[in-house]
Amino acid sequence: MGNRDLEYLRAKARRVREGIIRALGVNQRGHLGGSMSSADLVTALYFYKMRHWPDNPQHPDRDRLIFSKGHSVLAQYAALAECGYFPFEDLPTTKQLGSFLQGHPEKDRTPGIEACTGSLGQGLSIGLGMALAARLDRRDYKVYVILGDAELAEGQIWEAVTAAAFYETDNLIALVDHNKMQATGKIAVLYDVGNVAEKFAAFGWRVLEINGHDMEAIVDALDEADRYAGKPVAIIAHTIKGKGVSFAEGVAGFHNGALTPEQYEQALREIAEGGV
Amino acid sequence: MAKQACPRTTYGQYLVKLAEKDQRIVALDADLSGSTMSCLLRERFPQRHFEMGIAEQNMVAVAAGLSFCGKIPFVHSFSMFLTGRAFEQVRQSVALANANVKLVGSSYGFSDFGDGATHQALEDVALMRALPNMTVLVPVDPEEVEEAVELALEIQGPVYIRISRSPMEYLAKEAPGASLLEPALMADGGDITVFANGLMTKTALEAKELLAQEGISLRVVNVSCVKPLATEHIQRFAADVRGVITIEEHSVIGGLGSAVLEALALAPKPTSLIGVEDQFGQSAQSHEELLQHYGLTAAAICERARLLMGKGAK
């Protein structure tokens, strides 16, 4: 897509956040916090960086995005809808019985969803498989994987990090949504995953570290990642859980919480006013 | 002596043969390629064989990613690690996505006799059978190993193939199924039907010989495809006999025996399940020694058959 107009991208990010709230609805629990912290990353990928065709979701040369932190898929649903993969008006059907928008992403149910994730730790491996396939087929698509920071406790992540370094998959880019929270509270208190950037670097990855809500920094980092050959790239994005909705920012209860009708309206109002 | 072959070698050679024709085939292994014999594909097509280190969970999910881009990955390890260690990756990354991934579990049951309980998969069929979208194949002889690989390639979706470490005889069939998906009549008889698979089918044929001398006639049916189970065939083979015996190199919980009972639930027959009785394996100095110890023998089939015929223990 490649529109580097930052105001345009910020407007799209507001639209993605609105979509998250509309998918969440009222009085139904949903993963607001992690969806909001990923929203700017997702926006930059779908509306700036990724080569993709909403009217042809299976195009073999498309760039792929996998939400390994599958619970935050509301952000991806909202972005896919805003891109035109399906109507934005369908977002409120999320999690209804029979809906094509499941609580966690399911390949083949939803246009634009590339894998099944939700049980944490598996998405980077799937992305690595796609990156290896691209090499075998001499195709130049890229594979982006969004990881949660708390998800880095899963051992399989480090199996995949090791394997990607060994296979030198420079077409694989991991984005760590580093919001410093796990479901039940602060990572630093409950289960510290340590210095994420140093860990990826120690495993042989190129590492970039940015503010994950600074649109200019995000697009710069995504462009920078293209310039590295021979190594996979990790973009460590420092974020705020619940970003964009004042009463949810940094609040563990909104990891998987429900909005009252008043909170729903307030969230939409704050997003429209565009504090982000 | 009857003609026999090492099924792992047969497998590895046949995979290479298919890979010559089908560019989509790739292989992954977790440092066991010399045992699973995926090493043969590595020698022929080094670019299409991925050594994934001793990291089965990553390997299985990487295979899913390869399949989503049009590859047909054959994923190798010992049955235990592939279906056990990576169970949830098989469930979410592969089965839920209906990924076109072929899981080839080697050295199942007691065939890795020396290594003991940690390496002896006696619950892999139960695990794989419980997953939607999964096909479960247990070849009876080297020829069926080739058929299983061929069938796996035809099926759009995940397949689990169980391959023994021990040599297998080529077995003749009285009436093969249309494909491995259908049970095969190995030898007909009128009193009791024995459903078996893998090496246990030959054991059932031995029991048939022994019981013939006592006037008990066994029908031996080989069930290489445990899932989806050809229910109507199972019912037909069991309809006109007095009882049913199942035998498998697996726990009696959740494997072929359970599947047969499910198939016969609406037209039940007195049924006796032979398998490993809710225990772990252990080390021994031969495969045969363990089969004897855990009662996976022709003598065990004979004893159960006599009971079903009301003739008591001899």
State the [atom1]-[atom2] distance between [X] and [Y], to the nearest 0.5 angstrom.
X         : Y         : atom1 : atom2 : result
Ser93(B)  : Lys107(A) : OG    : NZ    : 12.0 Å
Arg48(B)  : Leu136(A) : CZ    : CG    : 8.5 Å
Leu120(A) : Glu88(B)  : CG    : CD    : 9.5 Å
Asn58(B)  : Leu124(A) : CG    : CG    : 7.5 Å
Leu96(B)  : His104(A) : CG    : NE2   : 11.5 Å
Ser125(A) : Leu66(B)  : OG    : CG    : 11.0 Å

When you look at [atom1] of [X], are more than 12 heavy atoms from neighbouring residues, nucleotides or ligands closer to it than 6.0 Å?
X         : atom1 : value
Lys95(A)  : NZ    : yes
Gln282(B) : CD    : yes
Asp55(A)  : CG    : yes
Arg91(B)  : CZ    : no
Arg62(A)  : CZ    : yes
Tyr228(A) : OH    : yes

Check: side-chain contact (heavy atoms from CB on, under 4.5 Å) with Ala63(B): which residues, sequence neighbours excluded?
Finding: Leu28(B), Pro73(B), Val75(B), Val101(B)
Next item on the list: Measure across Ala97(B) and Asp108(A) and return the closest heavy-atom pair with its distance rounded to 0.1 Å.
Entry: O-OD2, 3.9 Å
Notebook entry, point to check: Which heavy-atom pair separates Cys69(B) from Asp137(A) by the least distance, and what is that distance?
Noted result: O-OD2, 3.9 Å
Check: Is any side-chain heavy atom of Phe166(A) closer than 4.5 Å to a side-chain heavy atom of Met52(B)?
Finding: no
Check: Is the shortest heavy-atom distance from the side chain of Gln89(B) to the side chain of Ser119(A) under 4.5 Å?
Finding: no
Region of [X] in contact with chain B, defined by heavy-atom distances below 4.5 Å:
X         : result
Gln122(A) : both
Arg139(A) : neither
Glu114(A) : backbone

Notebook entry, point to check: What option among Ala163(A), Gly118(A), Ala115(A) has the most heavy-atom pairs under 4.5 Å with chain B?
Noted result: Gly118(A)
Check: Relative to chain A, which segment of Val60(B) carries a heavy atom at a distance below 4.5 Å: side chain, backbone, both, or neither?
Finding: neither
Notebook entry, point to check: Which bit of Glu51(B) comes within less than 4.5 Å of chain A, counting heavy atoms only: side chain, backbone, both or neither?
Noted result: both
Next item on the list: Begin from the C-alpha positions of Phe50(B) and Leu128(A) and carry the test side-chain contact (heavy atoms from CB on, under 4.5 Å) through to its verdict.
Entry: CA-CA 12 Å; Phe50(B) 297 98; Leu128(A) 172 58; over 6 Å; no
Note to self: For Val62(B) and Ile126(A): C-alpha separation, side-chain torsions, deciding distance, then whether side-chain contact (heavy atoms from CB on, under 4.5 Å) applies.
What the structure shows: CA-CA 5 Å; Val62(B) 166; Ile126(A) 296 171; over 6 Å; no
